[in-house]
Every structure is written in structure tokens, then in C-alpha cells.
Amino acid sequence: YTTNKDSKKEWHQWFDKTALYKLDFALPNISQLLYPIGTSIAPNFVIIGAGAWLFLGDAHEQSITRQRSGFAHINSNIANMVRSVASVRNSWLKKNGVSEFLILVAPDKSTVYGDYLPNWIKPDANTFTDSVALQSKDIYLDSRSAFKNARGIYTEPLYFKTDTHWNNLGGWVAYRTLASRLALTQPQLQWFTENNIKK
């Protein structure tokens with residue numbers, strides 16, 4: 001009421017219940033109070049997991065629903081189409097002088113840090129990534145196991161706790177995964193190693 005600059009011509013307009021929903025100014029404070037106890041004021045956008053780790057909610061490509069239902073939620077025709085398009089692109093590139101074409105499949109945060117997800121999510125073991133990457137290993141480089149192994153090696157997290165993206169260390173793991181794979185078929189390429197990185 002103190003910040004609303006709209007003119008009120010009728011007395012009852014001052015008591016319109018929609019004015020009570022204009023609490024944007026208070027949401028950050030409310031969120032800050034609820035965050036430590038694992039409660040999100042917008043669970044459709046962000047889910048709070050164990051240790052106050054944040055994960056995407058269903059507003060982002062139905063990420064929670066897809067994790068819980070696995071591949072059953074996705075039309076198998078989509079997986080076949082994705083593989084087909086990648087295969088056509090691979091053939092065209094090879095005909096035009098590209099020696100190797102790879103698509104690095106990066107795991108999402110919940111794949112690597114699934115133990116921080118709320119218990120009610122319980123991701124399905126059969127994923128969309130399985131249906132695409134595992135059936136086209138010549139094109140898709142699945143980095144999920146590399147990330148899971150790296151989590152056991154490094155004490156620092158590979159993803160930002162309050163963001164969905166990997167951090168510099170996660171990017172390094174992806175880089176090394178790609179380098180290791182290409183080293184098998186492209187021995188002339190030189191790659192950075194741990195010795196080149198400042199710690």
C-alpha cells in the first residue's frame with residue numbers, strides 16, 4: 001500500500017485482495033528464512049536438497065518428473081530421432097574431411113549428486129541418456145561415470161551448490177574425459193594434463 005502508485009478512484013479499490021499478493025519485496029527475506037530448513041517458496045523452479053543443495057524444479061523441462069519416470073516419460077521416437085540426426089551429421093562431416101565427430105554427454109547435477117536430492121524424488125534408473133548415448137557410443141561420449149569417479153577423487157564439489165552448472169573443476173573433468181577418448185584415435189593432438197594446471 002505504501003509503494004503502490006496507482007490512483008484509487010473508489011474507496012473499495014484500496015481493499016482489493018489482489019493487492020495482498022504483491023509481496024515481491026518480501027520474498028527474498030521469506031526465502032532466506034525458509035531455505036535453511038529445506039523449504040522452497042517456489043518448488044516448481046527450485047528444489048532444496050540435503051545440505052541446502054539446490055536442484056532444478058519441474059518448471060525447467062520437467063526435470064523432476066523426468067528423473068522420477070526415467071525414459072518412460074519420453075517418447076522412444078525422440079531418442080531414435082536424436083540418434084538418427086547425429087548419425088547423419090557424423091556421415092556428412094566425415095565426407096567433408098572431419099576425422100572425428102563426438103558429442104560429449106554431460107551429466108546434470110542430480111546425476112552426480114543424487115544423494116543430495118530429497119528422498120521423495122527417487123530417480124528412475126532407466127534414463128533418456130541411456131537410450132541415446134549407450135546405443136551410439138561411436139558418436140556420444142557419456143561422461144557420467146567419469147564425473148562419478150571424479151567425485152570420489154576430489155574433495156571439492158564438481159558443481160555449484162546453489163546453481164545447476166558445473167564449476168571449473170567439473171569443466172576440467174569433462175575436458176579430460178574428452179581428451180582421453182580422442183587420444184585413442186587422434187594421437188597427434190596434445191592435451192593439457194594435471195601438471196599444466198595451477199592448484
Side-chain angles (χ1 to χ4, degrees), residues 31 34-90 101-182:
S31 179
L34 296 175
Y35 176 62
I37 61 172
T39 302
S40 173
I41 63 171
N44 201 36
F45 290 94
V46 63
I47 301 293
I48 301 174
W53 276 65
L54 300 184
F55 298 92
L56 292 178
D58 255 3
H60 305 280
E61 301 293 327
Q62 293 187 311
S63 60
I64 298 299
T65 299
R66 289 187 179 189
Q67 286 181 60
R68 295 179 73 186
S69 60
F71 183 64
H73 185 69
I74 306 294
N75 191 325
S76 61
N77 291 334
I78 297 175
N80 292 331
M81 182 183 69
V82 169
R83 285 195 302 266
S84 177
V85 169
S87 180
V88 169
R89 185 171 293 171
N90 184 39
F101 170 64
L102 288 175
I103 297 174
L104 177 70
V105 179
D108 59 21
K109 182 178 176 179
S110 59
T111 299
V112 182
Y113 292 96
D115 52 320
Y116 285 99
L117 286 169
N119 292 332
W120 57 267
I121 292 181
K122 295 180 182 177
D124 191 297
N126 185 23
T127 69
F128 184 70
T129 303
D130 292 328
S131 66
V132 175
L134 297 181
Q135 296 181 35
S136 304
K137 292 183 180 181
D138 57 325
I139 298 175
Y140 290 96
L141 176 57
D142 187 358
S143 62
R144 289 178 296 178
S145 60
F147 270 83
K148 290 177 181 178
N149 290 338
R151 182 184 170 187
I153 296 171
Y154 298 107
T155 56
E156 299 85 3
L158 306 173
Y159 288 74
F160 293 106
K161 183 176 180 179
T162 58
D163 194 334
T164 186
H165 300 94
W166 62 37
N167 54 27
N168 289 343
L169 183 57
W172 173 251
V173 172
Y175 171 84
R176 290 302 308 158
T177 303
L178 181 63
S180 298
R181 169 62 176 78
L182 284 175

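Residues take their numbers from the sequence shown, with the count starting at 1.
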Working to the nearest 0.5 angstrom, can you tell me the gap between [X] [atom1] and [Y] [atom2]?
X	Y	atom1	atom2	value
T162	I48	OG1	CD1	11.0 Å
D142	F147	CG	CZ	11.0 Å
T65	I121	OG1	CD1	9.5 Å
Y159	L54	OH	CG	15.5 Å
R68	S63	CZ	OG	12.0 Å
L169	L158	CG	CG	5.0 Å

Closest heavy-atom pair and its distance - [X], [Y]:
X	Y	answer
Y140	A86	OH-CB, 3.4 Å
K161	K109	O-NZ, 2.8 Å
W166	A106	CZ3-CB, 3.6 Å
R181	L141	CB-CD2, 3.7 Å
G57	I47	CA-CG1, 4.1 Å

Decide yes or no for [X] and [Y]: does some side-chain heavy atom of the first lie under 4.5 Å from some side-chain heavy atom of the second?
X	Y	result
S136	D138	yes
R89	I103	no
Y154	V173	yes
K148	T111	yes

Practice item. Assess whether atom CG of N119 is packed by more than 12 heavy atoms of other residues, nucleotides or ligands within 6.0 Å. Key: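 Atom CG in N119 is not crowded, with 12 or fewer foreign heavy atoms closer than 6.0 Å.
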Review point. With the threshold set at 4.0 Å, does a side-chain nitrogen-carboxylate oxygen contact exist between R144 and D130?
Key: yes
Review point. Going by the angle between their ring planes, with limits at 30° and 60°, are Y116 and Y113 parallel, tilted or perpendicular?
Key: tilted
